[in-house]
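Read the structure below first, then the notes.
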Amino acid sequence: MKDLLRTNTSLHEGVEKLLNLQSKIESDASTKYLAMAAWLDRNGYECTAEYMYKQSEEEREHFLKVFKYITEMGGIAITPSVSEVQQEFASFREVFEIALQNEITVTHAVNKVIAKCRLENDYATEEFMMWYVKEQREEERNARRALELFELIDEDSATGKFQLDKEIAKIGANE
Ligand code: FEO
């Protein structure tokens, strides 16, 4: 039965596997940012909490986009299970350090899908994944900018945390 289904799609099994992995990674990113948003919220960082809630929603959109693509191509989209996520953070800054590392990991995963597409001559999926390439460039830049602000604004000054909360939340506002 599985072989019969396979004949109805041009999607290579190896590409499909990596797309399902990408779907899981995007879904995990949404959950991770949700936990960060909650931590920021309960520690008084009202503006960046909103920023992270929005990031979490965006990641869910990224997840759904790839999930639906697999189905559209005749593949089998696997619903990702919810992974255990970090709920507590050592500091305000650590949240953004982890967020940047997360984005870098996502970029590497996107590149892996594209490398596999090239190997299998899957031009449709490669073209689809280009949206993620652009998105990751922006998301990595935004995450780096947040860390730059920690260098520019002294977190331990009288209004440092308050200022950082406001400034970080403005990142990417014009995109
Ligand atoms: Fe969709 Fe920022 O990974």
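In listed order, ligands and their atoms are each counted from 1.
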Number of protein N, O or S atoms [distance to atom 1 (Fe) of ligand 1 under 2.8 Å]:
3
Do Lys24 and Asp28 sit within salt-bridge range, that is, some charged N less than 4.0 Å from a carboxylate O?
yes
Does a side-chain N-to-carboxylate-O contact under 4.0 Å join Lys54 and Glu57?
no
Where the side chain of Tyr123 meets the backbone of Arg118, is there a donor-acceptor pair that is under 3.5 Å apart?
no
Charged N to carboxylate O under 4.0 angstrom, Glu97 versus Arg93?
yes
Donor-acceptor side-chain pairing of Thr125 and Asp122 below 3.5 angstrom:
yes
Count I, L, V, M, F, W, Y as connected when their side-chain heavy atoms are under 4.5 Å apart, and connections chain through other members. Are Trp39 and Leu100 then in the same cluster?
yes
